[in-house]
Amino acid sequence: IDETVVFHSLTKADIAAIVEIQLAEVAKRLADRRITIETTASAKALLGELGYDPSFGARPLKRLIQQKIDNALAEKILRGQVADGDHLIIDGQGKTFTFTTQRDK
């Protein structure tokens with residue numbers, strides 16, 4: 001190997017864009033059930049804060065979304081707290097995420 005590859009640290013704008021991409025993937029997986037999600041700015045900021053590590057970049061973000069968003073949504077669906085056609089609002093409060101369900105009428 002005779003080339004050097006230089007990696008630059010991610011900016012806040014980079015992290016915000018990655019958060020958007022990952023949340024779009026979550027929304028895609030819920031689309032079959034007509035479940036929609038809306039993520040507040042504070043939830044996105046919290047994901048960006050907790051999911052970024054200077055050593056690993058944004059790699060921990062995907063795991064964080066799986067643990068804190070995907071798993072929580074799956075549990076709510078299994079418990080019947082979220083049904084097909086519902087709209088969910090995901091908010092960040094402190095260091096946790098809250099979910100508010102709006103039923104399809």
Side-chain angles (χ1 to χ4, degrees):
I1 299 176
D2 59 354
E3 292 185 39
T4 302
V5 177
V6 178
F7 291 96
H8 299 281
S9 296
L10 295 170
T11 66
K12 288 187 180 195
D14 295 332
I15 296 296
I18 295 168
V19 166
E20 292 291 343
I21 291 166
Q22 292 297 316
L23 290 173
E25 289 296 319
V26 173
K28 250 191 249 182
R29 289 193 300 273
L30 294 170
D32 286 347
R33 301 188 75 162
R34 297 180 347 271
I35 297 171
T36 57
I37 59 170
E38 176 184 336
T39 311
T40 66
S42 60
K44 290 175 186 177
L46 183 57
L47 284 169
E49 175 189 333
L50 298 176
Y52 174 73
D53 182 320
S55 302
F56 299 106
R59 288 184 195 100
L61 180 60
K62 188 169 186 172
R63 189 174 325 112
L64 175 70
I65 289 175
Q66 185 176 32
Q67 292 171 346
K68 300 296 183 182
I69 306 296
D70 287 346
N71 291 351
L73 290 174
E75 188 173 316
K76 289 181 177 303
I77 290 169
L78 290 173
R79 288 186 177 180
Q81 297 169 333
V82 174
D84 291 1
D86 283 353
H87 177 74
L88 288 164
I89 300 172
I90 303 169
D91 194 15
Q93 295 182 351
K95 297 287 182 192
T96 62
F97 297 93
T98 62
F99 300 83
T100 305
T101 305
Q102 296 178 341
R103 296 273 178 210
D104 187 20
K105 296 178 181 175

Engineer: Output the distance between atom CG (Asp84) and atom CG (Asp32), rounded to the nearest 0.5 Å.
Structural biologist: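 So the gap between those two atoms works out to 9.5 Å.
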Engineer: Would you compute the distance between atom CG of Leu10 and atom CZ of Phe56 and round it to the nearest 0.5 angstrom?
Structural biologist: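 Between atom CG of Leu10 and atom CZ of Phe56 there are 13.5 Å.
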Engineer: Is there a side-chain contact between Gln81 and Glu75 (heavy atoms, below 4.5 Å)?
Structural biologist: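 No. Closest side-chain heavy atoms not under 4.5 Å.
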Engineer: Let me confirm one number: the CD-CG distance from Gln66 to Leu73, rounded to the nearest 0.5 Å.
Structural biologist: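 Reported to 0.5 Å precision, the distance equals 12.0 Å.
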Engineer: Taking side chain to side chain donor-acceptor pair (under 3.5 Å) as the definition, give me every residue that meets it alongside Arg59, ordered by chain and number, with sequence neighbours left out.
Structural biologist: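 Counting only residues at least two positions away or on another chain, Arg59 forms no side chain to side chain donor-acceptor pair (under 3.5 Å).
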Engineer: Please check: side-chain N/O of Thr39 versus main-chain N/O of Ile90, any donor-acceptor pairing under 3.5 Å?
Structural biologist: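 Flag not set: sc Thr39 to bb Ile90 has no pair under 3.5 Å.
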Engineer: Identify which one of Ile69, Ile37, Thr100 satisfies the side chain to side chain contact (heavy atoms under 4.5 Å, CB included) criterion when paired with Leu88.
Structural biologist: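 Among Ile69, Ile37, Thr100, the one meeting side chain to side chain contact (heavy atoms under 4.5 Å, CB included) with Leu88 is Ile37.
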Engineer: Quick one: CD1 on Ile35 to NZ on Lys76, what's the gap to the nearest 0.5 Å?
Structural biologist: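 Spacing of CD1 (Ile35) from NZ (Lys76) equals 12.0 Å.
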Engineer: If I compare all heavy atoms of Gly51 with all of Leu64, which pair ends up nearest, and what's the gap?
Structural biologist: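 Smallest heavy-atom distance, with atoms named: N-CD2, 3.6 Å.
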Engineer: Going by atom types only, do Thr40 and Asp91 share a side-chain donor-acceptor pair under 3.5 Å?
Structural biologist: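 Side chains of Thr40 and Asp91: pair found under 3.5 Å.
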Engineer: Look up atom CZ in Phe97 and atom CG in Leu47, then write down how far apart they are to the nearest 0.5 Å.
Structural biologist: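 One gets 4.0 Å once the value is rounded to the nearest 0.5 Å.
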Engineer: Between Ser42 and Gly92, which heavy-atom pair has the shortest distance, and what is it?
Structural biologist: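 Smallest interatomic distance, heavy atoms only, reads OG-O, 3.2 Å.
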Engineer: Any idea which heavy atoms bring Gly80 and Arg103 closest together, and the distance?
Structural biologist: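 Closest heavy-atom pair between Gly80 and Arg103: O-NH2, 3.5 Å.
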Engineer: Testing the basics here: between Gly57 and Pro60, what is the closest heavy-atom pair and its distance to 0.1 Å?
Structural biologist: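 In terms of heavy atoms, the two residues are closest at O-CD, 3.5 Å.
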Engineer: If you group Ile, Leu, Val, Met, Phe, Trp and Tyr by side-chain heavy-atom gaps below 4.5 Å, do Ile89 and Phe99 land in one group?
Structural biologist: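 Different clusters: Ile89 never reaches Phe99 through Ile, Leu, Val, Met, Phe, Trp or Tyr contacts under 4.5 Å.
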Engineer: Between atom CG of Asp70 and atom CD1 of Ile65, what is the distance when rounded to the nearest 0.5 Å?
Structural biologist: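 With rounding to 0.5 Å, CG (Asp70) is 7.5 Å from CD1 (Ile65).
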Engineer: Does Lys44 NZ have over 12 foreign heavy atoms under 6.0 Å away?
Structural biologist: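 Correct, the count exceeds 12.
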Engineer: When clusters are formed by joining ILVMFWY residues with side-chain heavy atoms under 4.5 Å apart, either directly or through shared neighbours, do Ile77 and Val26 land in the same one?
Structural biologist: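 Per the 4.5 Å side-chain linkage, Ile77 and Val26 are co-clustered.
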